Amino acid sequence: MATDIEQKVMEAKMASIVLASVDTQTKDNALEAMAKALDANRNKILEANKADLEEAERMKNEGKLSQALVDRLKVTDPKIDGMISGIRDVIKLEDPSGRTIKTLELDKGLDLYQVSSPIGLIGVIFESRPDVVPQVMSLCLKSGNATVFKGGSEALNSNRVIFNILVEALENTQGIPKGAFQLMETREEVMDILALDEYIDLLIPRGSNDFVKFIQDNTKISVLGHADGICHVYVDTDADLNKAYDVCFDSKVQYPAVCNAMETLLINREIAEDFLPEMIKRYEEAGVELRFDEGSYTIAEKLGSANIAKATEDDWKTEYNDFILSIKLVDSIEEAIDHINKYGSHHTDAIITENKAKRKQFIALVDSSSVMVNASTRFADGFRYGKGAEVGISTNKIHARGPVGMEGLVIYKYVLLGNGDKVATYAGDTPRPFTHKELDRKLSDIINE
């Protein structure tokens, strides 16, 4: 007998087959219905979130929940506006499924089409952040993927209300199969989901380092995501210091509780005396706790900075997700790159420089999914990259990397159109040769004739 959880997953798996064939206009109609439903149910969403926030504050006071998770949990009217805007942005995007990637004539009348297609059934396991539900649901719907959601208990009420609002809108849209989107709610269901590799094609975890590592270590299902967000900014000798102040401040302070916030600031020793005093002042005014290596500590000490502390080896390996920043002086761009590749998480790293050769060197040698030049690390985001939203940020080197939008939710299949052709014709003592000629032809044009 299948468990209730397995039954839900099996239902979503079956629906994924139908959803993969739904046309773009039907999916866009469903997305617009989702956006309108969120707008019409604001009070219901805010009330549910209020209940979650009250419980989250109690858990935080008991040391069971971090401030970062509490911050991510909060839903406001502007956040609902963002959810609605994100869904409508997805409507504007090209449908990634069913596109002909390449067409190859194997022989006259024997044509091979490489066509994009949905992955199938996506499992999304996330902590806090109720806005993950509309973000991921809209991207999965448009790309033709069914989805199983498992949110954290701290956002139980918010997730449930938002999910139910969206699914009701979806299932009232003609042409959308029922059961394609499912919500799991109990802690025990996480392990059950991780064991369902027979049905779930891809897992996307969203949460803390420990949470993502746990998912990666406890399933056979392919996992798309990142465990750490240890991001750096390197201020070079050829930096425009005014740009450096702005970028370094924004990378840390604009929103520190996220994976693309800077955690370590690297400064070339030659410019440290000129750059650090003003930068320290700005950070201290913003309430950032600073941890210095020996060289930068000496400069901070001369300035009479309050509450200065020395960085340890562990600081270079730490994702703070808070108003904490480690600072290190380096002797060269090479040393900065070595530090980033050794201690970073291959997420997002930036250089501040006006030197074209160093810009090229940094881009080529920093092994990260996003590399910024004279721009904040906080730009590493699916919405800001024009993807409508993101299902997550991946530091993987297979399939998808960086902020992942719908392009990371499709794979491809091969379709061969022939006319009674057989391999025997192309084998044996006198085989007919293949032409292997590229054609400017789309499968959709052929099958819709």
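The shown structure was predicted, so the numbers you read here are calculated from the model rather than taken from an experiment.
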Subject >> Derivation of the salt bridge (Lys or Arg N to Asp or Glu O under 4.0 Å) call for D246 and R378 >> reply: CA-CA 12 Å; D246 287 342; R378 290 280 292 113; over 6 Å; no
Original post:
For the rings on Y414 and Y412, is their centre-to-centre separation under 6.0 Å?
Top reply: yes
Subject >> Over-ring placement of K310 relative to Y297, 6.0 Å and 45° cut-offs >> reply: yes
Subject >> Side-chain ion pair, D28 and K142, N-O less than 4.0 Å >> reply: yes
Original post:
If you measure from the Lys or Arg side-chain nitrogens to the Asp or Glu carboxylate oxygens, is any gap between K79 and D131 under 4.0 Å?
Top reply: no
**OP:** Using salt bridge (charged side-chain N to carboxylate O under 4.0 Å, His left out) as the criterion, list what pairs up with R441, not counting sequence neighbours.
**Re:** D111
Original post:
Can you check whether T264 reaches L325 side chain to side chain, under 4.5 Å on heavy atoms?
Top reply: no
**OP:** Give the ring-plane orientation class for F126 versus F149, where under 30° counts as parallel, over 60° as perpendicular and anything between as tilted.
**Re:** perpendicular
Original post:
Taking the inter-plane angle between the rings of W316 and H339 on a 0 to 90° scale, is it parallel (under 30°), tilted (30 to 60°) or perpendicular (over 60°)?
Top reply: perpendicular
Original post:
Where do D71 and Y255 land on the side chain to side chain donor-acceptor pair (under 3.5 Å) test, with the steps shown first?
Top reply: CA-CA 10 Å; D71 291 342; Y255 190 14; 5.8 Å; no
**OP:** Go through E407 and K387 one step at a time and tell me if the salt bridge (Lys or Arg N to Asp or Glu O under 4.0 Å) criterion holds.
**Re:** CA-CA 9 Å; E407 81 291 337; K387 298 173 183 290; 3.2 Å; yes
**OP:** Go through the side-chain N and O atoms of N157 and D52 and say whether any donor and acceptor fall under 3.5 Å apart.
**Re:** yes
Original post:
Mind checking whether F163 and F181 have side chains closer than 4.5 Å, heavy atoms only?
Top reply: yes
Subject >> K92 vs D89, salt bridge (Lys or Arg N to Asp or Glu O under 4.0 Å): CA-CA, chis, key distance, verdict >> reply: CA-CA 5 Å; K92 299 171 191 172; D89 283 340; 3.6 Å; yes
Original post:
Are a donor atom and an acceptor atom from the side chains of N29 and T26 found within less than 3.5 Å of each other?
Top reply: no
Original post:
Is it true that K150 and D192 have a side-chain N and a carboxylate O under 4.0 angstrom from each other?
Top reply: no
